[in-house]
Participant: 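The structure under discussion is supplied below as structure tokens; questions concerning it will follow.
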Amino acid sequence: MSCYDDCVSLNFWFQLITMKGVLIIIAAYFLYFCKGASRTFNVQSNVLNDRPIIGVLSQEQSIYLHSKYPEENYTSYIAASYVKDIESAGARVVPILIGKDRRYYEELINKINGVFLPGGATFFNQSNGFADAGQHIYDIAKELNDAGDYFPIFGTCLGFELLIILASGRDKIENRIRCYSYNNLPLNFTRDYRSSKMFKETPRDIINILKTKDVTVNAHQFCIVDENLKSHNLTDDWRVTAHSNDEYNVEFIASIEHRRYPFYGVQFHPEKSAFEWKRSKNYPHSFEAVKANRYFMDFFVQECRKSRHSFASATEENRYIIYNYEPRFTGVLGSAYHQCYFFEPRGTVSYK
Ligand SMILES: *[C@@H]1O[C@H](CO)[C@@H](O)[C@H](O)[C@H]1NC(C)=O
Ligand SMILES: *[C@@H]1O[C@H](CO)[C@@H](O)[C@H](O)[C@H]1NC(C)=O
Ligand SMILES: *[C@@H]1O[C@H](CO)[C@@H](O)[C@H](O)[C@H]1NC(C)=O
Ligand SMILES: *[C@@H]1O[C@H](CO)[C@@H](O)[C@H](O)[C@H]1NC(C)=O
């Protein structure tokens, strides 16, 4: 039917329907429909923040890396693979320094949309270190979420262990056990993992890879096991979604989430598959491994899009953002990290 025919038939009907009331009803219907549609659109664009900025906590400079840059005396570092993994999921990164007072973390957290606690190798008992900074961040994030804000945290490996130890209370005896896992492993999901926040929307092909292929990179000598949650009354708050087995068949918690807060942890290293290349480590770099590991930061960054915090201006953003630092090529110096960011040359490194 041509437009001409259309107009003619409309005219025909308008001539037939002479009652104004009918026209008013039709007009009202279209007005309501258009308003409704635009309302839905506005709600969606209000809910998600498509410019998330995520804080990544730095960690005490390692003795090994210090030996590579002895003159600079850097205080802390971040392995660039964590930054790249977050950036590839559509967020920007701000480094969070260690050794600061609560006010520093509070101010920063109110500008950013989530915190990532990376893996690595440091003890939790060094004063003004990774764990003290983590404690401030954990306390502040809990307060914000309790007050109705939405502030996510994601911990990987050591960062995951730190989350659970903070939740347990930092006693003299840390709430984790010794274990040994330097393998690429599959995930053994718990029975109800599909109703968890982390896995309820995961595409089926990614679940199948995680379940059946050796794609999660493990590199840890401590584990959190179910018994650690039970002994510290954490099972009401924390929900285990997968386990893996270490080299002596100890079943450790591979992924976890808080039931009320948007706090998440994984014992394995999703960032290494695409971004770490040390040959002797045997990281899985296949299409499937990269694809499945990619999911975790996609998920976390989506969580951070629910946070409305922001810097006051683009100028302020630019002062904090990690682009102010240049990563160094540490892989060529023998480090397991291909690239690292270093912070604060203060001459305070005193490891011996
Ligand atoms: C920190 O913990 C490690 C491992 O438990 C221990 O070897 C070290 O002596 C502790 N350091 C301090 C300062 O307590
Ligand atoms: C997977 O976990 C279940 C319990 O959730 C356990 O019964 C089973 O033995 C585990 N499978 C492997 C291969 O470890
Ligand atoms: C766990 O809860 C039980 C019973 O309420 C209590 O006796 C115990 O002290 C709690 N343990 C810890 C580590 O909080
Ligand atoms: C780093 O420490 C070494 C040894 O203490 C010192 O000689 C050097 O001057 C320090 N470098 C800087 C930039 O502070």
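No hydrogens, no waters, no symmetry mates; every other heavy atom, side chains included, goes into these values. Order of listing sets the numbers, starting from 1, for every ligand and every atom in it. Remember, predicted model here, so these are calculated numbers, not experimental data.
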Participant: Protein heavy atoms near atom 7 (O) of ligand 2, is at least one of them under 4.0 angstrom away?
Facilitator: no

Participant: Which residue owns the protein heavy atom closest to atom 3 (C) of ligand 2, what's the atom, and how far is it?
Facilitator: N188 ND2, 3.6 Å

Participant: Tell me if the centroids of the rings in F275 and H338 come within less than 6.0 Å of each other.
Facilitator: no

Participant: Applying ring pair (Phe, Tyr, Trp, His ring centres under 6.0 Å), can you list everything that pairs with F199, at least two apart in sequence or on another chain?
Facilitator: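 So F199 forms a ring pair (Phe, Tyr, Trp, His ring centres under 6.0 Å) with F189.
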
Participant: Counting only N and O atoms by type, is there a donor-acceptor contact under 3.5 Å from the side chain of E247 to the main-chain atoms of Y182?
Facilitator: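 Yes; judged by distance alone, with no hydrogens or angles, the pair exists.
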
Participant: So how far is it from N175 CG to E227 CD, rounded to the nearest 0.5 Å?
Facilitator: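 Separation between the atoms: 9.5 Å.
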
Participant: Quick one: does atom 11 (N) of ligand 2 have a protein heavy atom under 4.0 Å from it?
Facilitator: yes

Participant: Where does N245 meet ligand 2, judged by heavy-atom distances below 4.0 Å: at the side chain, the backbone, both, or neither?
Facilitator: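 Side chain only; the backbone of N245 stays clear of ligand 2.
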
Participant: Contact between F124 and R176 at the side-chain level, heavy atoms closer than 4.5 Å - yes or no?
Facilitator: yes

Participant: Can you tell me the protein heavy atom closest to atom 4 (C) of ligand 2 and the distance?
Facilitator: E251 OE2, 4.6 Å

